[in-house]
Amino acid sequence: MDRTQSEKLWEQANKTLVGGVNSPVRAFKGVGGNPFFVQSGAGAHITDADGNKIIDYVLSWGPLVLGHAHPEVVEAVTKALEKGASFGIPTEAEILLAEKICALVPSIEKVRLVNSGTEATMSAIRLARGFTGRDLVVKIEGCYHGHVDCLLVKAGSGLTTLGTPTSPGIPESHAASTLTVPYNDLDAMAEIFKAHGDNIACLIIEPLPGNMGVILPEPGYLEGLRSLTGQHQSLLIFDEVMSGFRASLGGAQAKFGVKPDLTTLGKVIGGGLPVGAYGGRADIMQHLSPEGPVYQAGTLAGNPLATAAGISTLDILARPGVIDAMEGQMTKLGAGLGSIAQEAGIPVYQTQVGTMGCMFFNENPVRNYEDATTSDTDRYAKYFWSMLENGVYFAPSQYEAGFMSSAHDDAIIDQTLDAARKAFAKL
Ligand code: HOZ
């Protein structure tokens with residue numbers, strides 16, 4: 001695989017961009033070596049700076065449920081751009097996107113659009129604190145909620161990949177307001193609530209974690225969190241930035257039948273453009289300015305290009321059979337990879353919910369962050385590079401999810417499995 005142009009761009013990038021990138025996990029530190037540069041995307045493929053055509057299972061880290069540059073999404077965004085890129089004045093498209101979100105996500109009665117998942121979680125935490133008049137936040141070890149100060153404690157995704165799950169630069173007082181508990185451990189959670197329940201504003205969790213690899217909630221776990229938070233009048237926040245519209249059309253909350261008080265969203269609702277959202281019970285949301293005193297604002301919030309992309313993406317995704325077909329392809333891919341691994345005698349532990357999934361290089365089940373970190377990351381790195389060499393891009397870290405799009409047809413899955421046979425033969 002020719003990488004001449006990518007290597008040149010990498011050298012150039014490092015002169016002006018910190019570490020050559022604008023988001024750390026892109027630097028490929030989790031697998032070693034240098035990243036490739038992308039030139040364009042179409043459907044299930046991206047084309048790199050050297051003209052290599054690569055099958056993409058990262059899909060911009062999740063948003064591109066319809067694949068790259070879906071013609072209807074491109075048309076919607078183009079039409080919106082022709083009418084003006086930003087107004088900072090209400091537009092009808094904001095209402096339409098809000099209505100779609102409220103209709104699809106079971107617990108959302110009212111919603112606020114923002115510009116990223118980080119903004120959504122940061123604002124949801126502020127709202128929870130403002131609503132309850134309490135300060136403490138409980139988070140789960142290995143869950144990642146963007147780069148919000150009080151949530152960068154024992155966080156997954158890029159932090160775990162880089163081996164620094166808690167970031168310097170966060171005042172002691174911020175970190176002290178965050179309590180952490182392992183995923184899938186209801187007893188530990190009950191202890192925390194017993195000790196601090198009266199001061200806990202909220203428990204924030206990825207109900208289907210995707211930032212320490214994809215880990216499944218054990219039966220009764222999410223229900224247990226719902227009942228504990230309810231008993232202590234603390235709010236339950238589901239971070240569905242990743243699982244929203246992927247675990248199912250209504251997210252993990254619809255899939256597992258547990259309703260949080262607040263939900264944070266991002267990725268899919270922007271169809272590839274920068275968007276986030278938080279929403280939930282109307283009586284909580286009405287504490288937000290201008291209805292209530294909790295302040296949060298944004299010049300580009302509800303941006304017309306982003307809302308156009310989001311509306312079009314959700315419209316297509318909600319068509320009969322679309323998400324089911326994608327889920328079927330994910331299952332086919334997982335089953336294929338599983339049997340190839342087994343034939344090669346390489347132990348793997350696989351997870352899948354809806355259109356997201358993960359293959360841990362681990363001989364044991366992975367049920368929390370500690371388990372995830374026992375995975376063989378060196379073997380993952382070899383697998384990653386071998387797959388890329390054979391034209392398939394999975395995330396450059398064992399601790400990220402794999403994503404399916406509606407553009408991944410049977411031929412693409414078969415091609416992926418051919419590449420995997422070659423990769424596993426070398427492991
Ligand atoms: N938050 C993303 C991983 N879960 C990383 C996004 C990026 O680096 O582009």
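Computed over heavy atoms, backbone and side chain alike; hydrogens, waters and symmetry mates excluded. Indexing begins at 1, ligand by ligand and atom by atom, following the structure's order.
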Hey, is ligand 1 close enough to Tyr144 that some N/O pair sits below 3.5 Å?
-> no
Nearest neighbour in protein (non-hydrogen) for atom 7 (C) of ligand 1 = Ser23 OG, 3.2 Å
CE of Met387 to CD1 of Ile54: how many Å apart, nearest 0.5 Å?
-> 12.0 Å
Applying a 4.0 Å heavy-atom criterion (strictly less than), which segment of Asn211 is in contact with ligand 1: side chain, backbone, both, or neither?
-> side chain
Atom 5 (C) of ligand 1: which of Thr118, Val25, Leu159 has the nearest heavy atom?
-> Val25
Indicate yes or no: does an N/O atom of Lys267 lie under 3.5 Å from an N/O atom of ligand 1?
-> no
For residues Tyr278 and Gln296, is any side-chain donor paired with an opposing acceptor at under 3.5 Å?
-> yes
Nearest protein heavy-atom contact for atom 9 (O) of ligand 1: which residue, which atom, what distance?
-> Arg26 NE, 2.8 Å
Sequence neighbours excluded, which residues qualify as side-chain contact (heavy atoms from CB on, under 4.5 Å) partners of Ser23?
-> Arg26
Below 4.0 angstrom, N of the basic side chain to O of the carboxylate: do Asp185 and Arg367 qualify?
-> no
Ser157: heavy atom below 4.0 Å from ligand 1, yes or no?
-> yes
Tell me: protein heavy atom nearest atom 6 (C) of ligand 1, and distance?
-> Trp61 CD1, 3.7 Å
